[in-house]
Student: 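Sending over a structure as structure tokens; questions will come in a sec.
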Amino acid sequence: SVWRFSPNNETFQQYVIPTQYSGIVQLIMDKSGNLWLTELYENKIAKLITKELSAGTSKGIVEYTLPTSNSGPAGLAIDKNGKIWITETFARKLVRLDPETLTFNTFEFPAKVYSPLGIAAAQSGIWVASHGSNKIIKFDPLSKSMKEYSTSHATGSPISLPYWILIDKQSNIWFNEHAGGKIAKF
């Protein structure tokens, strides 16, 4: 379920995701005010059409199954053109969904990229935190190329395990170091 808190009257409303125990990982809002989320264990993403939601039900919630089975959708980002970007942490893939045509495009990460999780869209490209390989990945949607940046020393400890990633208004890339216990700016 997803819950909405109203600060005006201090109440919660529950919205029931059609697939139980799906493992919701991330939420993001689109420009129209709809909420998107990833369902890690069920290989789906969902769109909550906020104008159609009805508390205590699944009304207004549409689920979409990703093309790669058992992919583990985790992170979500929306680019300037309204395309939805998804990290598939189990399948080690990056997915772009066109919400108007419902077309999925899938891009594979390089061989030594493991557990891609956090994702952010910027003018410079799509940025992904590769948790299992201690890297930040930059994907260029035009050339379909990927560039890897290490977030830890080449050998030994400490390891950083970047998890979530954000881009500020000055185009700085921020990520948390899950194992490093720090916030880093790239």
Side-chain angles (χ1 to χ4, degrees), residues 2 22-40 43-50 61-68 71-110 112-151 160-178 182-186:
V2 172
S22 62
I24 298 168
V25 175
Q26 189 170 15
L27 310 168
I28 193 165
M29 290 286 239
D30 66 21
K31 289 179 184 176
S32 298
N34 298 309
L35 184 68
W36 292 81
L37 57 86
T38 52
E39 298 181 57
L40 182 75
N43 204 54
K44 297 177 182 178
I45 61 170
K47 177 182 179 182
L48 284 71
I49 305 164
T50 53
I61 301 174
V62 181
E63 292 179 302
Y64 304 98
T65 301
L66 295 172
T68 304
S71 66
L76 281 173
I78 301 175
D79 69 21
K80 65 181 180 182
N81 298 316
K83 305 294 188 269
I84 311 291
W85 292 85
I86 307 140
T87 54
E88 292 182 333
T89 193
F90 303 158
R92 298 177 33 250
K93 294 180 181 178
L94 178 63
V95 177
R96 179 181 59 209
L97 167 65
D98 182 327
E100 295 195 18
T101 64
L102 299 179
T103 303
F104 289 96
N105 296 100
T106 303
F107 310 93
E108 291 196 34
F109 284 105
K112 294 189 179 199
V113 171
Y114 305 106
S115 299
L117 290 168
I119 184 170
Q123 288 289 99
S124 58
I126 305 299
W127 294 84
V128 176
S130 176
H131 187 255
S133 52
N134 298 300
K135 295 177 182 177
I136 299 295
I137 311 299
K138 178 187 175 188
F139 176 72
D140 181 335
L142 297 176
S143 68
K144 314 268 188 293
S145 63
M146 293 191 192
K147 184 167 182 177
E148 302 173 45
Y149 300 92
S150 179
T151 60
S160 61
L161 299 177
Y163 203 85
W164 294 120
I165 190 167
L166 296 170
I167 300 174
D168 67 22
K169 291 179 182 180
Q170 290 75 40
S171 298
N172 295 306
I173 297 163
W174 296 83
F175 61 94
N176 64 319
E177 294 183 0
H178 185 190
K182 298 178 178 121
I183 302 294
K185 182 171 89 169
F186 177 70

Student: Please answer whether the main-chain N or O of Asn134 pairs with a side-chain N or O of Thr151 as donor and acceptor at a distance below 3.5 Å.
Tutor: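 Present.
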
Student: Rounded at 0.5 Å granularity, tell me how far CD1 in Ile78 sits from NZ in Lys83.
Tutor: 11.5 Å

Student: For the atom pair CH2 (Trp36) and CD1 (Ile28), what is the distance rounded to the nearest 0.5 Å?
Tutor: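 Here the interatomic distance stands at 11.0 Å.
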
Student: So, Arg96 side chain and Thr103 main chain: donor-acceptor pair closer than 3.5 Å or not?
Tutor: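 Flag not set: sc Arg96 to bb Thr103 has no pair under 3.5 Å.
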
Student: Short question: side chain of Thr38, backbone of Gly75 - any donor-acceptor pair under 3.5 Å?
Tutor: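 Looks like no, no N/O pair under 3.5 Å.
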
Student: Does any part of the side chain of Ile84, heavy atoms only, come nearer than 4.5 Å to the side chain of Tyr64, both counted from C-beta?
Tutor: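 Side chain of Tyr64 against side chain of Ile84, heavy atoms only: no contact under 4.5 Å found.
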
Student: So, do Pro110 and Met146 sit near enough that their side-chain heavy atoms are less than 4.5 Å apart?
Tutor: yes

Student: Please find the pair of heavy atoms, one from Tyr163 and one from Ala129, that lie closest to each other, and give the distance.
Tutor: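 Smallest heavy-atom distance, with atoms named: O-CB, 3.5 Å.
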
Student: Could you pull out the closest heavy-atom pair between Ala122 and Ile167, with the gap in Å?
Tutor: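 Closest approach of Ala122 to Ile167: CB-CD1, 3.3 Å.
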
Student: Within the structure provided, determine whether Phe186 and Ile165 are in side-chain contact (heavy-atom separation under 4.5 Å).
Tutor: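 Counting from C-beta outward, Phe186 and Ile165 never come under 4.5 Å.
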
Student: Walk me through whether Trp85 and Phe139 qualify under ring pair (Phe, Tyr, Trp, His ring centres under 6.0 Å).
Tutor: CA-CA 11 Å; Trp85 292 85; Phe139 176 72; 5.7 Å; yes

Student: Return yes when atom NZ of Lys185 has more than 12 non-hydrogen atoms of other residues, nucleotides or ligands closer than 6.0 Å, and no otherwise.
Tutor: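 No, the 6.0 Å shell around NZ holds no more than 12 heavy atoms from other groups.
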
Student: Within the distance-only criterion (no hydrogens, no angle test), does the side chain of Ser115 pair as donor or acceptor with the backbone N or O of Thr89 below 3.5 angstrom?
Tutor: no

Student: Report yes or no: does Asp98 contribute a side-chain atom to a donor-acceptor pair with the main-chain N or O of Glu100 at less than 3.5 Å?
Tutor: yes

Student: Would you say Ile119 and Leu94 make side-chain contact, with heavy atoms under 4.5 Å?
Tutor: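 A side-chain contact exists here, since the closest heavy-atom pair is under 4.5 Å.
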
Student: When you measure from the side chain of Asp79 to the backbone N and O of Asn81, does any donor-acceptor pair fall under 3.5 Å?
Tutor: yes

Student: Which atoms form the tightest heavy-atom contact between Pro141 and Gly125, and what is the distance?
Tutor: CD-CA, 4.2 Å

Student: Considering non-hydrogen atoms only, spot the tightest contact between Ala77 and Ala121 and give its length.
Tutor: CB-N, 3.9 Å

Student: Measuring from Asn105:CG to Phe107:CZ, what's the distance to the nearest 0.5 Å?
Tutor: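 Taking CG in Asn105 and CZ in Phe107, the distance rounds to 5.0 Å.
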
Student: Any side-chain heavy atom of Lys47 within less than 4.5 Å of one from Pro99?
Tutor: no

Student: As an exercise, state the distance from CG of Leu37 to CD1 of Ile24, rounded to the nearest 0.5 Å.
Tutor: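 So the CG of Leu37 and the CD1 of Ile24 are separated by 5.0 Å.
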
Student: Less than 4.5 Å apart, any side-chain heavy atom of Leu40 and any of Ser22?
Tutor: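 No, side chains not in contact.
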
Student: Closest heavy-atom contact between Ala46 and Ile61?
Tutor: CB-CG2, 4.3 Å

Student: Please walk me through it: do Thr65 and Asn43 pass side-chain hydrogen bond (donor to acceptor under 3.5 Å, both in side chains)?
Tutor: CA-CA 6 Å; Thr65 301; Asn43 204 54; over 6 Å; no

Student: Among Leu27, Val2, Asn34, which one satisfies side chain to side chain contact (heavy atoms under 4.5 Å, CB included) with Leu48?
Tutor: Val2

Student: Please check if the side chain of Asn176 supplies one atom and the backbone of Ile183 the other of a donor-acceptor pair under 3.5 Å.
Tutor: no

Student: Rounded to the nearest 0.5 Å, how far does OG of Ser124 lie from NZ of Lys138?
Tutor: 5.0 Å

Student: Do you know the tightest heavy-atom contact between His131 and Leu161?
Tutor: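 For His131 and Leu161, the tightest heavy-atom pair comes out as O-CD2, 2.9 Å.
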
Student: So how far is it from Ser71 OG to Ile45 CD1, rounded to the nearest 0.5 Å?
Tutor: 10.0 Å

